[in-house]
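Worksheet for the structure shown next.
Computed from a predicted model, the values in this text were never measured in an experiment. Atoms within a ligand are numbered from 1 in the order they appear, just like the ligands themselves.
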Amino acid sequence: MSNRLRQIPSVDRLLGEPALQERVAFYGHRLVVTAVRETLAAVRKEVRAGAEVPPREALAARAVAHLENRLAPLFRPVINATGVIIHTNLGRSPLSAAARTAVEAAARGYSNLEYDLPEGRRGHRTDHVERILCELTGAEAALVVNNNAGAVLLALAGLAQGRGVLISRGQLVEIGGGFRIPDVMARSGARLIEVGTTNRTHRADYERVLQQEPDVALILRAHHSNFRIVGFTAEVGIAELVDLGTTYGVPVMDDLGSGALLDTSAFGLAHEPTVQESVEAGAAVVCFSGDKLLGGPQAGIIVGKAEFVDPLKRHPLARALRIDKLCLAALQATLFHYLRGEATQEIPIWRMIAAPVAEIDRRAKRWRRWLRRAGIEATVVDGRSTVGGGSLPGETLPTRLLALPVSDPDGVATALRAANPPVVARIEDDQLLLDPRTVLPEEEKALLRALQEAIT
Ligand SMILES: *Cc1c(COP(=O)(O)O)cnc(C)c1O
């Protein structure tokens, strides 16, 4: 055994392998040495347990895999062929060309981020987008923070700390990533008051509690986001909640989650509540995300009545949750698409939602022709795309999918994820499926090359 242990190359020896030298040029010396050390330590253990010493090239490949998959996995572009348009694991909304240009410009040099140019003195970070948000939503006031979870936390802390907040038991939801309404409520210092039942909550349920509870700061409505209650159900709509709130002198907060500015029912989907509807109904504060159905960067947006929104700007949490300048630049550019009425042409997720099936079919067939020339027989089949991102749960769009006739779909899917750039596909009924709807046109060549390599 000690003989075999001596066959294991030294760290320096293994570092000389071309595959590792290539990585040194990119990652620098230190990380690659660590990868080699840890790999050799693992191999030594295996050899002590009776394994053979792998050839040097295999050792180098193992160190590279350890480096790239475990030590320093790169944050990098991925091709989304899953058909889930707002895919939280894949970075939610891709940005429009104008938003990308705005990010580049904001990153390149200085900006008037917190500088009032006409006055030549300190300005406010989110002045740039607040007016636009008011214009688009009809709200009196607006505020932008880091993300919607932060917006909800800030609104609850600012408006209800130490006081009661009413919410239907059917809306005590977990959005994902550990964001649970009851937990956020607890962290904000507000006291949760549950109303009604899981499946049915009526106006009278709210009224009973409003008559009994002495110190209610808010009535909260939270969007279900990622699930649907079907069957014997009842919920009180936003307009009726506002009516109730007016009667009892309690403001209404609406956590819309996704926060659409456009009507999804125009695209064959169910109607997702819009921000304008909540504002119009008279909600005091409305919270939504920047990177869900808005189609912009990560951000948390609060719009509503000035009397409730403006004090939140001065809350200490607002500083802790502030939006970064690159996201602000992208958000402003995204909002301009709505102002110019070009959202469905310019914002990638809306272009994907609005894409006609005939166009998707043409793309899938073009992919099929390309693969056939490479000796791979694929088929084009009917399927469904989903919107995702905690919006429109259970709703799908008809699409056309490229189906690949492979005996080992999991193996090919793994190979696709290892491609450069990585491709994430979908497996259904033992079939490997790719949905052109979520693949950007400029990604097609790379996708087809990755497919060819993974299959042959
Ligand atoms: C997604 C979502 C959130 C969290 O928004 P982030 O922007 O991801 O922080 C909060 N509430 C609801 C209802 C959501 O759907």
Side-chain angles (χ1 to χ4, degrees), residues 84-95 126 129 133 142-157 159-160 165 167-188 190 192 218-229 235 237-238 241 252-261 264 269-270 272-275 277-278 283 285-304 312 317-318 320-324 326-328 330-331 334-335 349 386-395:
V84 180
I85 296 171
I86 305 170
H87 198 306
T88 295
N89 301 152
L90 302 184
R92 288 197 181 152
S93 297
L95 295 179
T126 64
V129 291
L133 281 165
L143 166 62
V144 180
V145 293
N146 178 65
N147 63 341
N148 189 36
V152 173
L153 178 68
L154 172 62
L156 287 172
L159 302 173
V165 176
I167 183 167
S168 162
R169 286 197 169 89
Q171 295 167 10
L172 293 174
V173 297
E174 174 178 322
I175 308 306
F179 183 85
R180 293 176 158 186
I181 292 283
D183 297 344
V184 176
M185 192 92 81
R187 289 284 160 186
S188 73
L192 173 71
L218 281 175
I219 299 173
L220 172 62
R221 180 179 82 152
H223 190 287
H224 291 156
S225 295
N226 45 17
F227 73 102
R228 201 154 68 170
I229 302 184
E235 265 194 337
I238 190 71
L241 286 180
V252 173
M253 166 172 163
D254 199 2
D255 175 15
L256 278 180
S258 207
L261 291 180
T264 48
L269 292 162
E272 173 81 7
T274 67
V275 181
E277 284 161 9
S278 296
V285 286
V286 182
C287 305
F288 57 102
S289 286
D291 53 358
K292 291 182 178 171
L293 276 173
L294 194 74
Q298 177 181 307
I301 299 166
I302 304 176
V303 299
L312 296 179
L317 264 182
L321 295 168
R322 77 180 185 187
I323 185 170
D324 109 281
L326 302 186
C327 290
L328 187 64
L331 180 62
T334 304
L335 293 173
I349 61 139
T386 54
V387 177
S391 56
L392 299 161
E395 283 289 310

**Message:** If we only consider heavy atoms of V152, is any one of them less than 4.0 Å away from an atom in ligand 1?
**Reply:** no

**Request:** For atom 11 (N) of ligand 1, find the nearest protein heavy atom and state the residue, atom name and distance (0.1 Å precision).
**Result:** D255 OD2, 2.7 Å

**Prompt:** For G170 and H224, which heavy atoms make the closest approach, and how far apart are they?
**Reply:** O-NE2, 3.2 Å

**Asked** Between L154 and L312, what is the shortest heavy-atom contact and its length?
**Response** O-CD2, 3.7 Å

**Minimal non-hydrogen separation, I349 against S93, with atom names** = CG2-OG, 3.6 Å

**Message:** Considering both backbone and side-chain atoms of D291, is one of its nitrogen or oxygen atoms within less than 3.5 Å of a nitrogen or oxygen in ligand 1?
**Reply:** no

**Message:** When you compare ligand 1 with S289, is there at least one nitrogen or oxygen pair between them that comes in under 3.5 angstrom?
**Reply:** yes

**Item:** Which residue and heavy atom of the protein sit nearest atom 14 (C) of ligand 1, plus the separation
**Value:** K292 NZ, 3.0 Å

**Item:** Heteroatom distance test (A149, ligand 1): nitrogen or oxygen, under 3.5 angstrom
**Value:** yes

**Prompt:** So, for G388 and V84, which heavy atoms are closest and what is the spacing to 0.1 Å?
**Reply:** CA-CG1, 4.1 Å

**Item:** Distance (rounded to the nearest 0.5 Å) between I238 CD1 and L256 CG
**Value:** 7.5 Å

**Item:** R228 with E395: basic N within carboxylate O range, under 4.0 Å
**Value:** yes

**Request:** Among all protein heavy atoms, pick out the one at the shortest distance from atom 10 (C) of ligand 1; state its residue, atom name and that distance to 0.1 Å.
**Result:** N148 ND2, 3.2 Å

**Prompt:** D291 and Q298: which non-hydrogen atoms are nearest, and at how many Å?
**Reply:** OD2-CA, 3.5 Å

**Item:** Closest protein heavy atom (residue, atom, distance) for atom 13 (C) of ligand 1
**Value:** S225 OG, 3.2 Å

**Complete:** Looking only at non-hydrogen atoms, the one of R92, H223, Q298 nearest atom 8 (O) of ligand 1 is R92

